[in-house]
J.: 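There's a structure below that I have some questions on.
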Amino acid sequence: MQREAALHKDGPLLILAGAGAGKTKTITERIVNLIQNGISPEKILAVTFTNKAAGEMKDRVRDAIHKNRDLNTPITALATGSKLPFVSTFHSLGVHILRENARLLGMNRNFTIFDRNDSIRAIKEASKRVDIDTKRFEARKLLSSISKQKGNGINSETYSLDANDYYKNIIASVWSAYEEILRSENAFDFDDLLLKTALLLQKNENVRKHYQNVWEYIHIDEYQDTNDIQYELTRLLAGDKQNICVVGDIDQTIYSWRGANIDNLLLFEETFPNTKVVILEENYRSTKTILGAANEIIEKNVNRKEKKLFTKKEGGEKILLYGAYNEENEANFITEKISYLLESGVSLNEIAVLYRANFQSRELEEAFLYKGIPYQVLGTKFFERKEVKDTLSFLRLSLNKDSHSDLKRIINVPPRGIGKVTMLKMIEDKTDTLTPAMKKRVDDFYLLMSKIKESAEKNKVSETIKLILSGSGIEHHLKKGDDEDLERLENIKELVTLAIKYDSLKPEEGVEKLLEDAALATEQDSLESTKDAVKLMTVHASKGLEFDYVFITGLEDGLFPHEGMEEDRDEEEERRLFYVALTRARKQAILSFASTRMIYGSREVNVPSEFITDISEEHMNSVEDGDEMLTIE
């Protein structure tokens, strides 16, 4: 079935790929086959959902092309990526298109990408501009409402026309002011990267036709996770040729709360008539036992396309179930079993502990610290550290002088004695009214910006980061500080090391790519540069990852499945989420629940999750304290 999908060429193709069914390999082989059949690599687009997945696909495509002697691709082309398909995330694709067409939108290509904190700050400022009480109307909630509308393909102007009640009018007025702030700072927020791109393609026929001709063969991974605006972007790029291949698994749709629309996959054949459908059901990751349990779980869902995973691997260790008295007992059981695994030769990196809600990590972390087991909580992003964000703000501001958010962030990093009144005059371009001493400080700051800009345009990216470190005074300031300051300095030096990977690009292109990757970094990106450690993460964060041994914790009714679901949320989604958790395991899954658990300050008495009873005795054993039931292959 992989071969059938890989050999398909023209027209729409829908690949329904189960967990661990080799979808990345299939897409890679399909791309190579297209090139073998005379399609220029630059005519091929592949879109994934995470930087990690995009990086993996880029590497696989490059390796496959390099090994295929029939293609005769020059080594230099492979090294520079000049003769490779365009592989990116949806948001990176949006950045690429917006940079190339910035002038059409009244922007310049060095626009800033607001992160969530930038957006919240701007929403607060927008609320004040239109006299909205920021205590009564929280910036986070207003931003969430705006973000949801953008994900549905609605812009500020359209929303204002349909605002027909008090709260909608509040959102409309704040949103309009928020857009003014974004424009004045030459910035887009995270949602704009998709919305503004789709609107540009909708409204400008020349731009739309250009990209339809640039990319004649399109591949979309994890299509079940697409929202309305991603669907529209896909449809617009596919155009009349409809050479579009999408890969998805309805059973792994777990992001409806983020706007993912399962109908995009369910109705794909209606959107694109004459679709060829290929189903990948053979799993190359997990044991027969794990897949048997996963099939028992997911077959209870009704809103799906029939698919049953199978594997040629024989047997496999039974799933283990531990009933704990409380969360402390559960955490101790998990660390004891992990200690046993480690003594048996299992690598730290091959073990993961999954939970439904973030609060569950605290008790687990305490147990890991007590046992001395190295661990990493997925979610701490390198690019979110203050000192790293400060350093990148110097770079952004040097290229985008209108970025007031970056100016406010770094004007006194390190302290320069420039106050709010002076900073306001800088924003309003009234520095000629400053005292000579203060004007000297401001001029020195602008001179630094101009040196950084000049370096960014001429030198390697890593050299520019070094210049910021020394020229700004950050290095000198942190060296005089305490141990925490020295650790911050080490983090900035790590940024220099990371920047080296962009040195092979042209200076301006390398800077743009570094800033883009920093702005679009996800939780999973924090995995790559870490030492050996057991990984702790939510089930949502685990999607796309795999480990030999997976612990799934907190299997209690009300926690997993979670009772805090929105009214309009798909009731089958929690079951899909558990299915995703189970299928992360290659060799063995270990389940646990606690009879009592402290939640929001009160101790709750729990009933075990319904998911536990859905797994037959054939696939699962119960364990008690003292049992040695983790058999290592």
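Computed over heavy atoms, backbone and side chain alike; hydrogens, waters and symmetry mates excluded.
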J.: Backbone N or O of Ser609 within a donor-acceptor pair of the Asp557 side chain at under 3.5 Å?
T.: no
J.: Determine yes or no for a side-chain-to-main-chain donor-acceptor pair under 3.5 angstrom, with Asp225 supplying the side chain and Ala260 the backbone.
T.: no
J.: Check Leu354 against Val550 and note the closest heavy-atom contact, atom names and distance.
T.: CD1-CG1, 3.7 Å
J.: Give a yes or no answer on whether the side chain of Glu572 reaches the backbone of Asn301 with a donor-acceptor pair at less than 3.5 Å.
T.: no
J.: Looking only at atom types and distance, does a side-chain atom of Thr289 sit under 3.5 Å from a main-chain N or O of Gly316, one as donor and one as acceptor?
T.: yes
J.: Can you confirm whether more than 12 heavy atoms, excluding those of Glu487, are under 6.0 Å from its CD atom?
T.: no
J.: Tell me if a side-chain donor or acceptor on Arg597 pairs with a main-chain N or O of Glu327 at a distance below 3.5 Å.
T.: no
J.: Would you call the rings of Phe560 and Phe578 parallel, tilted or perpendicular, where under 30° means parallel and over 60° means perpendicular?
T.: perpendicular
J.: Check whether Ser92 reaches the backbone of Ser88 with its side chain - one donor and one acceptor, N or O, closer than 3.5 Å.
T.: no
J.: Would you sort out whether Phe114 and Phe190 count as a ring pair (Phe, Tyr, Trp, His ring centres under 6.0 Å), showing the intermediate values?
T.: CA-CA 6 Å; Phe114 271 18; Phe190 199 66; over 10 Å; no
J.: With Lys535, which of Leu545, Asn349, Ile351, Leu378 fulfils side-chain contact (heavy atoms from CB on, under 4.5 Å)?
T.: Asn349
J.: Would you mind telling me which of Tyr340, Tyr322, Tyr325 makes a ring pair (Phe, Tyr, Trp, His ring centres under 6.0 Å) with Phe333?
T.: Tyr322
J.: Do other residues, nucleotides or ligands put more than 12 heavy atoms under 6.0 Å from Tyr370 OH?
T.: no
J.: Would you say the side-chain atoms of Asn621 pair up with the backbone N or O of Ile319, donor to acceptor, closer than 3.5 Å?
T.: no
J.: More than 12 heavy atoms of other residues, nucleotides or ligands under 6.0 Å from NZ of Lys25: is that the case?
T.: no
J.: Got a donor-acceptor contact below 3.5 angstrom from the His219 side chain to the Leu45 backbone?
T.: yes
J.: Taking Arg362's backbone N and O only, do any of them form a donor-acceptor pair with Glu366's side chain (distance below 3.5 Å, no angle check)?
T.: no
